[in-house]
Amino acid sequence: MARKDQDQQDSGEKKGRIAQIKQTYRMARRSDRWVGWITLAWMLGVLGLTVLIGLLLGPLWVWLILGLPSALLAGAIVFGKRAERAAYSQIEGQPGAAAAALGTLRKGWDSAPGIGANRHQDVVHRAVGRPGIVLIGEGEVHGRVANLLQQEKKRHARVAPETPVYDIVVGRGDDQVPLPRLTKHLQKLPKNLRPAEVTELRQRLRALGTQPVGMPKGPLPKGMKLPTGGPPPTSRR
């Protein structure tokens, strides 16, 4: 009975992964019509290369065994990268896009969307990790977003005066960070805090709360998540 339940659970998980891959493919194809063909070309190219090596060096069957998983891995990487690029292109410039990107941060980061906003619907998100506090601003007018970020920096400095605070404006202008590079930019920041200090910082920031004005509704369709390099979209931490 237990074995049957386990088989049913495994079958359900497999169907769930297939459904995620299909959903990601449909999403990516809306802005990248060649995503399927390019992925297939990479898979066939890697498999063809291993077959060629097998014919030259032998034995062929050994290289086929190596070639099949290598082709699948290459396809997964290429598909994941193109799907990620397609997802960013569809949401870039929309309110809440940075919050969606922060949801793909790796373990060790804690993100809080919409911790500050103004009546123009400019918004500030927060990410907390070993670099310290990172405030991310979104809005159409750079100067207005910068002022909102300065207000939030002062507010956070009162709660954590000795913690490094970074501020970032998402966009394509000078001194801005493009949305597709946001998470990589955060991960490259210097590690100023120990893990225990990050935990303590999170506890202190809970008392800070959020501003009264809410965050604009995010741009992602229901159920859609940004993929992070594999065939199915990854879930949040």
Side-chain angles (χ1 to χ4, degrees), residues 13 16-17 20-21 24 73 76-77 79-88 91-92 95-117 123-138 145 148-150 152-171 175-211 215 218-220 223-237:
E13 291 178 355
R17 286 194 294 269
Q20 284 186 321
I21 294 173
T24 304
L73 177 61
I77 294 173
F79 177 69
K81 291 294 184 182
R82 296 189 74 90
E84 180 183 17
R85 190 185 312 163
Y88 280 123
I91 68 172
E92 190 168 10
L102 292 175
T104 67
L105 281 169
R106 297 176 181 175
K107 186 178 179 181
W109 286 91
D110 181 63
S111 61
I115 54 100
V123 65
V124 173
H125 315 291
R126 181 179 66 218
V128 177
R130 294 193 62 184
I133 300 171
V134 186
L135 301 174
I136 302 98
E138 283 188 282
V145 178
L148 181 61
L149 280 170
Q150 288 302 314
E152 287 300 321
K153 286 184 73 173
K154 293 178 181 178
R155 198 163 71 98
H156 283 73
R158 289 195 294 268
V159 177
E162 298 180 359
T163 302
V165 181
Y166 300 88
D167 60 281
I168 297 170
V169 178
V170 176
D175 299 324
Q176 297 181 352
V177 178
L179 180 67
R181 294 173 52 191
L182 177 60
T183 56
K184 292 181 180 179
H185 182 85
L186 266 63
Q187 290 162 359
K188 289 181 179 179
L189 293 174
K191 293 178 174 59
N192 302 307
L193 305 179
R194 296 189 298 272
E197 293 174 322
V198 175
T199 302
E200 180 186 355
L201 177 61
R202 290 172 180 167
Q203 297 291 336
R204 292 165 66 183
L205 290 177
R206 286 180 182 176
L208 192 61
T210 60
Q211 294 286 22
M215 184 186 71
L220 290 180
M224 173 180 168
K225 298 178 183 178
L226 290 174
T228 58
T234 58
S235 59
R236 295 190 181 188
R237 305 177 313 281

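Residues: numbered from 1 along the sequence shown.
Side-chain atoms of Glu138 come within 3.5 Å of backbone atoms of Ala97 as a donor-acceptor pair (strictly under, hydrogens ignored).
Of the residues listed (Leu148, Asp175, Val145), the one engaging Val169 in a side chain to side chain contact (heavy atoms under 4.5 Å, CB included) is Val145, and it is the only one. None of Val124, Val177, Leu102 except one satisfies the side chain to side chain contact (heavy atoms under 4.5 Å, CB included) rule with Ile136; the exception is Leu102.
With sequence neighbours left out, the side-chain contact (heavy atoms from CB on, under 4.5 Å) criterion links Gln150 to Lys153. Applying the side chain to side chain donor-acceptor pair (under 3.5 Å) criterion to Arg82, with sequence neighbours excluded, gives Asp32.
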_Leu135/Ile133 under side chain to side chain contact (heavy atoms under 4.5 Å, CB included): CA gap, chis, key distance, verdict_ = CA-CA 7 Å; Leu135 301 174; Ile133 300 171; 4.0 Å; yes
Could you list the donor-acceptor pairs under 3.5 angstrom formed by side chains in residues 194-205, with sequence neighbours left out?
from   : atom 1 : to     : atom 2 : distance (Å)
Arg194 : NH2    : Glu197 : OE2    : 3.4
Glu197 : OE1    : Arg194 : N      : 2.8
Thr199 : OG1    : Pro195 : O      : 3.2
Arg202 : NH2    : Gly108 : O      : 3.2
Gln203 : OE1    : Arg206 : NH1    : 3.4
Arg204 : NH2    : Val159 : O      : 2.7

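Counting only heavy atoms from C-beta outward, the side chains of Ile168 and Leu186 approach each other to under 4.5 Å. With a 4.5 Å cut-off on side-chain heavy atoms, Glu152 and Ile115 count as touching.
Between Ala127 and Leu105, the shortest heavy-atom distance links the atoms CB-CD1, 4.3 Å. For Pro131 against Pro164, the heavy-atom pair with the smallest separation is O-CB, 3.7 Å. Here the closest heavy-atom approach between residue Leu149 and residue Gly137 is recorded as CD2-N, 3.9 Å.
For the side-chain hydrogen bond (donor to acceptor under 3.5 Å, both in side chains) condition, the pairs that include at least one residue of residues 178-193, sequence neighbours left out, are Tyr166-Asn192.
Distance check: Leu182 CG to Gln176 CD gives 12.0 Å after rounding to the nearest 0.5 Å.
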